[in-house]
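Below is one structure, written out as structure tokens; comments come after it.
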Number of protein chains: 2
Amino acid sequence: MLRNLGLRVTVPRLKALEYVQTHPHADADAIYTSLALSLHGVTRQTVHGIVNDLTRVGVLRRVSLPESASAHYETRIGDNHHHIQCVSCGRIEDVDCVVGEAPCLTPEDTHGMRLVEASVTFRGVCAECEMRNMAHEALQPSIPLTQSHSHARTSPAPTSSTIQAKR
Amino acid sequence: MLRNLGLRVTVPRLKALEYVQTHPHADADAIYTSLALSLHGVTRQTVHGIVNDLTRVGVLRRVSLPESASAHYETRIGDNHHHIQCVSCGRIEDVDCVVGEAPCLTPEDTHGMRLVEASVTFRGVCAECEMRNMAHEALQPSIPLTQSHSHARTSPAPTSSTIQAKR
DNA sequence: GCCTTATTTTGAATTAGTCAAAATAAGGGA
DNA sequence: TCCCTTATTTTGACTAATTCAAAATAAGGC
């Protein structure tokens with residue numbers, strides 16, 4: 001499978017591929033953690049090398065989402081499907097098909113660029129986070145008038161750091 | 001303007017805002033470089049604090065694009081416009097949304113999530129890069145059969161590092 | 001003009017990822 | 001099957017983007 005793409009078949013590559021197949025949208029760190037369990041010497045660099053190679057030959061697809069600092073990988077390629085991500089916990093799901101105005105997917109003005117791809121990312125709030133946020137709001141019914149970034153934090157706001165922590 | 005959003009009006013904030021207004025899609029580092037010219041003590045942390053605050057109150061919009069490691073900021077908010085980015089040089093342009101309001105597209109299956117927004121990102125190749133790439137192809141007409149990530153690089157491939165270098 | 005407290009500054013840490021050289025191992029050819 | 005070439009992995013250092021926390025500063029309501 002890898003061989004006729006010009007890549008040698010190695011244990012780390014196969015394990016990484018298997019992991020992404022069973023864990024769609026895994027990031028490099030998750031793959032590393034998984035590989036480290038069975039192989040003793042693997043490092044993050046190895047994983048980065050692998051995902052870069054596999055992405056280049058088209059076995060993996062790299063997905064960058066606004067709520068995640070790290071790139072995610074998936075084996076489902078070829079169908080240009082999209083993603084929906086919870087802005088609160090970072091959960092990612094596939095979206096097979098979108099409905100809406102076609103013009104939204106064909107820009108009127110490309111500013112002289114040749115279009116390669118249109119990727120749609122939906123940002124949402126998953127049921128669990130919605131629930132959790134409601135509970136919080138019940139305790140803090142009104143929006144404070146003043147709030148700063150470093151002090152006077154209103155709540156343990158589920159920012160991207162929370163998302164990272166979920167890994 | 002900032003005052004009735006619960007934020008104090010400070011010189012760094014005003015300068016940062018002014019810079020983003022005149023330089024749409026600026027990233028934190030570009031803002032920092034600009035501020036450092038006129039203000040002597042500003043640091044990157046200050047800029048991050050500012051853009052975080054201004055984004056939170058809705059004066060700025062944070063834009064994360066696949067080809068850029070860093071976040072970009074813009075003052076054009078409220079109209080739900082999209083972006084097209086050159087995959088080669090990282091240049092970003094606005095693409096107007098025909099619908100104009102938040103979710104201009106909706107997924108067939110939201111996987112139980114409440115939809116917040118559909119962000120559409122177009123990836124393309126700008127005219128200049130197209131030109132440059134053609135010149136390169138003329139020199140290297142065929143794709144090598146085997147290629148690795150660390151050695152045997154085919155060309156100074158315009159990856160994201162190239163984009164970073166543009167800053 | 002003072003005082004509270006939001007902002008900025010200072011300094012250190014974290015996360016994601018890259019680069020390069022040395023060691024290892026895949027797999028085509030003898 | 002063994003050897004040799006060279007792709008891949010390992011080792012180690014490094015960069016970029018961003019965050020965290022405590023101390024110093026300054027906005028703006030009184």
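Letters A, B, ... mirror the listed sequences (proteins, then strands); counts begin at 1. In what follows, every heavy atom counts, from backbone to side chain, and hydrogens, waters and symmetry copies are set aside. Here the structure is a predicted model, which means the values were calculated and not measured.
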Check: Roughly, in whole Å, what's the span from CZ in Arg44(A) to C1' in dC19(C)?
Finding: 18 Å

Note to self: It should be established whether Asn52(A) places a side-chain nitrogen or oxygen under 4.0 Å from OP1 or OP2 of nucleotide dG17(C).
What the structure shows: no

Next item on the list: Provide, to the nearest angstrom, the distance between the CG atom belonging to Leu14(A) and the P atom belonging to dT9(D).
Entry: 10 Å

Margin query: Under 4.0 Å from OP1 or OP2 of dT8(D): is there any side-chain N or O of Arg13(A) that close?
Written below: yes

Next item on the list: Considering only NZ, NE, NH1 and NH2 on the basic side and carboxylate oxygens on the acidic side, decide whether Arg132(A) and Glu130(A) come within less than 4.0 Å.
Entry: no

Notebook entry, point to check: Can you check the Ile50(A) CD1 to dA7(D) C1' distance for me, whole Å?
Noted result: 13 Å

Checklist line | Contacts of type side chain to side chain donor-acceptor pair (under 3.5 Å), residue Arg8(B), not counting sequence neighbours | finding: none

Pick out the pairs of N or O atoms, protein on one side and nucleotides 26-30 of chain D on the other, that lie under 3.5 Å.
unit_1: dA27(D); atom_1: N3; unit_2: Arg8(B); atom_2: NH1; d: 3.1
unit_1: dG28(D); atom_1: OP1; unit_2: Arg3(B); atom_2: NH1; d: 3.3
unit_1: dG28(D); atom_1: OP1; unit_2: Val9(B); atom_2: N; d: 2.7

Check: Between the two ends of the helix from dG1(C)-dC30(D) to dA30(C)-dT1(D), what is the bend in degrees, rounded to 10 degrees, where each end axis spans five pairs?
Finding: 30°

Check: What is the distance from CZ of Arg56(A) to P of dT8(D), rounded to the nearest Å?
Finding: 8 Å

Next item on the list: Quickly work out the Asp53(A) CG to dC19(C) P distance and round it to whole Å.
Entry: 13 Å

Notebook entry, point to check: Taking only residues two or more places apart in sequence or in another chain, which ones pass side chain to side chain donor-acceptor pair (under 3.5 Å) with Thr22(A)?
Noted result: none

Checklist line | By salt bridge (Lys or Arg N to Asp or Glu O under 4.0 Å) - contacts of Asp96(B) (at least two apart) | finding: Arg76(B)

Note to self: Are the side chains of Thr75(A) and Pro24(A) in contact, using a 4.5 Å heavy-atom criterion?
What the structure shows: no

Notebook entry, point to check: What ring-ring contact (aromatic ring centres under 6.0 Å, His included) pairs are there with at least one residue in residues 20-56 of chain B, not counting sequence neighbours?
Noted result: Tyr19(B)-His23(B), His25(B)-His83(B)

Note to self: Could you work out, with side-chain contact (heavy atoms from CB on, under 4.5 Å) as the rule, every residue matching Asn4(A), not counting sequence neighbours?
What the structure shows: none

Checklist line | Integer-rounded Å distance: dT9(D) P and Ile31(A) CD1 | finding: 13 Å

Item checked: Upstream residue (5' side of DNA chain D) when Arg62(B) and Gly41(A) are each assigned their closest nucleotide -> Gly41(A)

Note to self: Glu18(B): which residues meet the side chain to side chain donor-acceptor pair (under 3.5 Å) condition with it, sequence neighbours left out?
What the structure shows: none

Notebook entry, point to check: Can you tell me how far C1' of dT9(C) sits from CG of Leu39(B), to the nearest Å?
Noted result: 12 Å

Notebook entry, point to check: Over how many whole Å does the gap from Leu5(A) atom CG to dA7(D) atom P extend?
Noted result: 16 Å

Margin query: Between the base of dG12(D) and the side chain of Gln45(A), is there a donor and acceptor pair under 3.5 angstrom?
Written below: yes

Margin query: Restricting to side chain to side chain donor-acceptor pair (under 3.5 Å), what partner residues turn up for Glu117(A), sequence neighbours left out?
Written below: Arg123(B)

